[in-house]
Amino acid sequence: MEVIRVKVNDVELHVEKGTTLGEVFRSIKIDKAVGAKAGSRIIDLLTPIREDLEVTPIFKEDPESLDIMRHTLSHIMAQALKELYGYKKVHLGVGPTTEEGFYYDVEVEGHTISSEDLPAIERKMREIVERNYPLFRKELEREEAIGYFTELGEKYKVEIINRIEEGEVISLYGQNGFTDLCRGPHVPSTGMVGEFRLTHVAGAYWLGDSKRPMLQRIYGVAFWDKEELEERLRFYEEAKKRDHRRLGRELELFLIEEEVGAGLVLWLPKGAMLRKTLEDYWKEEHIKRGYQLVYTPHVGNARLWQTSGHLDYYRPNMFSPMEVEQEEYFVKPMNCPFHIAVYKSKLRSYKDLPLKLAELGTVYRYEMSGVLHGLMRVRGFTQDDAHIICTPEQVEGVIHETLEFAVSMLKDFGFEDFRVYISTRPADAIGSQEQWELAEGSLKKAVEKIGIDYEIDQGGGAFYGPKIDVKIRDAIGRLWQCSTIQFDFNLPERFDMEYVGQDNKRHRPYMIHRAIFGSLERFVGILLEHYAGLLPLWLSPVQVRLIPISPEKHGGYALEVENHLKNRNIRVERDMREERLNARIRDAELQKVPYILVFGDKELESKTLSVRSKKEGNLGSMTLEAFTSLLLERISRRE
RNA sequence: GCCGGCGUAGCUCAGAGGCAGAGCGAGGCACUCGUAAUGCCUAGGUCGUGGGUUCAAGUCCCACCGCCGGCUCCA
């Protein structure tokens, strides 16, 4: 008998090789553990130990426990499917855990699972949980495993086995007549899982490859605690309420219509006002920071796109060309070539650099119909684009300044929590080693200097340069990709961009693409979801609504007030409808107008205003001057 | 693009082979009103588009378009 040493917390034990952690824990009276961790490795209680090990038990309270339990739930779901539709009819793909639950990709012969089937599957799962089957684990040799799963008709599992690397253990887990190829970890019995709910079913390609068959992915959410599960389900409800597509229609901000075209946005008057506010703010901030605004056309000659390389590399995403006087023109999918043309309009000296060209540039890209989504993913959108052309010596400062700019701007919109990702050199990169090192180094330094944590996406950069992506966290915790700062070693070469250095010689400049909002459409979508439609005062398309109780009697006074406010650039709307006061108040509230002023005899007589705030309720009466300065102050503070 | 679901009045939806409906919104009339829906009347539809099955098609079948949930894609 071979003995190995297992250290559990501070207790050291000597056990027979091949003993499972479950047995070890039982011997020292740890009975509530769902698994254990050895360093960063998670080991379940069913796995035999074959070498000396130091472990800490994982209990339900530990974050790692969720994953173990959710993984078992995906197996329970697989078994439920097999019991419902027949063991030979259900072919299993993969069934991993997610951040909030689990899913399983399956193929059911002769049946397509729809959301109507979910309650029955869930019921069957609960039965399996109820029966509390112990899980077992076994290991097979490759050939055995292939034979076993071939026998079961599990073609996808056989494929996975063939992809498992030589020397790696092939493990199977199962319970009561159900066996699945699985790396684990799992809880020891089906009764040990938490609260769960199946949420939806969707298509998913086998191995994520669009050329392979499409399986059905059944999603579930799971938590230990019922309250936590319900909170998550409420989160979905909340997200649904915040859906910018709904808000966009209800608040009359924008329209996307079949008749106009899929993925093409019409900005309605209120949405246009919101957009104008964003644009004005954006332009002012850019001018303050030394950017120069440019305007460039919507179409460009095919030769331009040939030089830029877009026709060779980006063509599938471009709209079809049009012919004008025997020449082809393309609608622009990007602004860069135009900005480069601006740069090249004269000979540039190092003294002109960094040159920062900015434009709210509307671009058109062909996106597959299935990916279009409200304002978030469209076919025509306006990038808040800029290109910074600089010398190698300036790179670091430029990147730092740009990132700082992006963060400060996003903060002005009420976003406080940022995630930063740096994508580094991929295998097929162009550009020299020095270029990449300088660029990547300056990206890291900039992020560190600003003091935001970042993650590295190793090899995730574009072939033409590394980049920083900034994601913002919204009010209900979702992350949205916004800003990008992207190096480009490609276009300066292709367009033969130059500057004259201090040495009186020609040099190749560095070029950086960057966007802060990403696109105006998408950013407005994010704002709407972040604020659940209740935009800050400074962004609200209508800031004040005036309601004369009797339009006839009090409308004149309301008009006076309207003019006063309008002269101070406050956005006002007067509701002159012959409706009841309550109805008009309700309407203004539903339209999420920040301030409502009611005019009646009292106000007319005392020349005051009755102010009702969306956020604070009825503020009572105040003078026009007091209200105006209150409003102007709040607007200037970007409240 | 792929898998699944869904397209009925401006909006939200009911109708599932046999007379095209409701609420909100819109227009009209009355009410003259103090902080989240006054009442009555009226108009509004090639039931996404095109084809097919049937005596008869929103309803069944096929194709296309669009939307939704995902997948894939996003140099």
Side-chain angles (χ1 to χ4, degrees), chain A residues 93 103 105-107 111-117 199-219 236 240 243 245-246 249-250 252 255-264 308-318 333-334 336 365-374 376-377 423 426 428-430 461-465 467 481 484 486 488 490-491 513 518 545 547-554 577-593 596-603 610-614 617-621:
Chain A
Y103 66 78
D105 285 350
V106 299
E107 179 181 88
H111 181 75
T112 41
I113 310 263
S114 75
S115 48
E116 279 147 36
D117 298 320
T199 51
H200 59 288
V201 56
Y205 292 112
W206 170 235
L207 299 175
D209 182 347
S210 58
K211 290 179 196 66
R212 312 293 297 260
M214 182 159 272
L215 309 185
Q216 286 190 284
R217 179 168 294 177
I218 307 172
Y219 285 90
Y236 286 132
K240 220 192 252 175
D243 192 320
R245 293 167 297 187
R246 220 180 70 141
R249 190 174 47 240
E250 286 172 2
E252 296 180 14
L255 187 69
I256 300 174
E257 259 220 308
E258 187 177 341
E259 201 188 344
V260 174
L264 301 173
S308 69
H310 286 94
L311 288 186
D312 291 331
Y313 297 101
Y314 205 71
R315 182 78 185 253
N317 288 296
M318 293 168 72
M334 295 188 190
C336 339
R365 297 180 186 176
Y366 167 71
E367 300 281 0
M368 286 189 289
S369 57
V371 305
L372 300 175
H373 177 91
M376 302 297 189
R377 196 72 185 270
S423 301
D428 60 348
I430 60 153
F463 74 86
Y464 52 83
K467 63 171 175 174
Q481 156 86 50
T484 303
Q486 166 85 62
D488 194 325
N490 185 38
L491 293 180
H513 310 258
R545 183 169 291 182
I547 306 181
I549 292 176
S550 158
E552 199 187 330
K553 259 165 70 186
H554 314 119
R577 289 175 304 164
E578 296 277 352
E579 288 288 340
R580 286 199 156 37
L581 175 62
N582 277 349
R584 283 183 289 163
I585 300 248
R586 177 182 146 85
D587 200 54
E589 289 285 344
L590 289 176
Q591 285 292 305
K592 303 186 198 292
V593 177
I596 300 171
L597 301 183
V598 175
F599 298 83
D601 289 338
K602 247 180 355 192
E603 287 71 29
S610 167
V611 183
R612 175 178 163 133
S613 145
K614 175 81 188 153
N618 208 326
L619 298 183
S621 70

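In what follows, chains carry the letters A, B, and so on, assigned in the order in which the sequence lines appear, proteins first and then strands, with residues in each chain numbered from 1. The model shown is predicted, which means the values in this text are computed figures rather than measured ones.
- Base pairing of B:rG39: its partner is B:rC29, meeting the Watson-Crick or G-U wobble criterion (both donor-acceptor distances under 3.5 Å).
- For A:A202, the side-chain atoms get nearest to B:rG69 when compared with the rest of B:rA37, B:rG1, B:rG69.
- The separation of B:rU38 from B:rC24, taken at their C1' atoms, amounts to 16 Å, rounded to a whole angstrom.
- Within 3.5 Å, a donor on the side chain of A:Y205 pairs with an acceptor on the base of B:rG1, or the reverse.
- Between B:rU49 and B:rC65, the two C1' atoms lie 7 Å apart (nearest whole Å).
- The CG-P distance, from A:D209 to B:rG1, rounds to 18 Å in whole Å.
- The side chain of A:H373 contributes an N or O atom lying less than 4.0 Å from OP1 or OP2 of B:rG69.
- Pair check for B:rA75 finds none; no Watson-Crick or G-U wobble contact set falls under 3.5 Å.
- Taking atom CH2 of residue A:W206 and atom C1' of nucleotide B:rU72, one finds them 16 Å apart after rounding to whole Å.
- Taking a 6.0 Å sphere around OH of A:Y313, one finds it holds 12 or fewer heavy atoms contributed by other residues, nucleotides or ligands.
- The side chain of A:S369 places an N or O atom within less than 4.0 Å of a non-bridging phosphate oxygen (OP1 or OP2) of B:rG1.
- Rounded to whole Å, atom P of B:rU12 lies 12 Å from atom CG of A:D243.
- A distance of about 42 Å separates the P atoms of B:rA26 and B:rC62, rounded to the whole Å.
- The side chain of A:E603 approaches B:rG34 more closely than any other nucleotide in the set B:rG70, B:rA75, B:rG34.
- Taking for each of A:L207 and A:H554 the nucleotide of RNA chain B with the nearest heavy atom, the 5'-most of the two is the partner of A:H554.
- Set against B:rU38, B:rC71, B:rG34, the side chain of A:D601 has B:rG34 as its closest nucleotide.
- A glycosidic torsion no more than 90° from 0 defines the syn conformation, and B:rA16 adopts it.
- Here B:rA36 presents its C1' atom at 13 Å from CZ of A:R584, a figure rounded to the nearest Å.
- Put simply, the side chain of A:R245 never gets that close to the backbone of A:H373: no donor and acceptor are under 3.5 Å apart.
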- Task: Test A:W206 against A:E107 for side-chain contact (heavy atoms from CB on, under 4.5 Å), laying out the working first.
- Result: CA-CA 10 Å; A:W206 170 235; A:E107 179 181 88; over 6 Å; no
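- Under 4.0 angstrom from either OP1 or OP2 of B:rC68 there lies at least one side-chain N or O belonging to A:R245.
- Distance from the side chain of A:I549 is smallest for B:rG34 among the nucleotides B:rA75, B:rG1, B:rG34.
- Pairing for B:rC19 is absent, judged as Watson-Crick or G-U wobble with the two contacts each under 3.5 Å.
- Rounded to the nearest Å, the gap between the C1' atom of B:rC61 and that of B:rA9 is 28 Å.
- Nucleotide B:rU46 is matched to nothing when pairs are restricted to Watson-Crick or G-U wobble geometry with both distances under 3.5 angstrom.
- Closest to the side chain of A:M214, from the set B:rG70, B:rA75, B:rC73, is B:rG70.
- Of the candidate nucleotides B:rC71, B:rG34, B:rA37, B:rC71 has the atom lying nearest to any side-chain atom of A:A204.
- Remark: the separation of the P atoms in B:rG51 and B:rG10 is 23 Å, to the nearest Å.
- Rounded to whole Å, atom C1' of B:rC68 lies 11 Å from atom NZ of A:K240.
- For the C1' atom pair drawn from B:rU72 and B:rC3, the interatomic distance equals 11 Å after rounding to whole Å.
- Between A:R612 and the phosphate of B:rA36, there is a side-chain N or O to OP1/OP2 separation shorter than 4.0 Å.
- Using Watson-Crick or G-U wobble geometry with both donor-acceptor distances under 3.5 Å, B:rC60 finds its partner in B:rG52.
- Panel note: side chain A:R365, backbone A:P333; a donor-acceptor pair is recorded below 3.5 Å.
- Spacing of P atoms, B:rU12 relative to B:rG7, comes out at 12 Å, to the nearest Å.
- A salt bridge does not link A:E250 to A:K592: none of the charged nitrogens lies less than 4.0 Å from a carboxylate oxygen.
- As the counterpart of B:rA9, no nucleotide is assigned, since no Watson-Crick or G-U wobble pattern has both distances under 3.5 Å.
- We find that CG of A:D105 is positioned 16 Å from P of B:rC3, with the value rounded to whole Å.
- Considering only side-chain atoms of A:M334, the nucleotide from B:rG66, B:rG34, B:rA75 that sits closest is B:rA75.
- Note on A:K602: a base of the nucleic acid sits closer than 4.0 angstrom, heavy atoms only.
- Comparing B:rC67 with B:rG25, their P atoms sit 29 Å apart, to the nearest whole Å.
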- Message: Applying side-chain contact (heavy atoms from CB on, under 4.5 Å) to A:H554 and A:D601, what does each step give before you reach the verdict?
- Response: CA-CA 7 Å; A:H554 314 119; A:D601 289 338; 2.8 Å; yes
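- The closest donor-acceptor contact from the side chain of A:S308 to the backbone of A:H310 lies under 3.5 Å.
- Distance NE2 (A:H310) to P (B:rC74): 14 Å, rounded to an integer number of Å.
- OP1 or OP2 of B:rU12 has at least one side-chain nitrogen or oxygen of A:R249 nearer than 4.0 Å.
- When distances are taken from the side chain of A:H200 to each of B:rU38, B:rG69, B:rC2, the shortest belongs to B:rG69.
- As the counterpart of B:rG4, B:rC68 is assigned, both hydrogen-bonding distances of the Watson-Crick or G-U wobble pattern falling under 3.5 Å.
- Here A:N317 does not reach the OP1 or OP2 of B:rC74: none of its side-chain N or O atoms lies under 4.0 Å away.
- Rounded to an integer number of Å, the gap from OH of A:Y103 to P of B:rG69 is 18 Å.
- A glycosidic torsion no more than 90° from 0 defines the syn conformation; B:rG5 lies beyond that range and is anti.
- Comparing atom distances between the A:M368 side chain and each of B:rC11, B:rU72, B:rU32 picks out B:rU72 as nearest.
- Taking every side-chain heavy atom of A:Y314 into account, B:rA75 is the closest of B:rC31, B:rA36, B:rA75.
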- Task: Before giving the answer on side-chain contact (heavy atoms from CB on, under 4.5 Å), spell out for A:L590 and A:R586 the whole-Å C-alpha distance, their side-chain angles and the decisive distance to 0.1 Å.
- Result: CA-CA 6 Å; A:L590 289 176; A:R586 177 182 146 85; 3.8 Å; yes
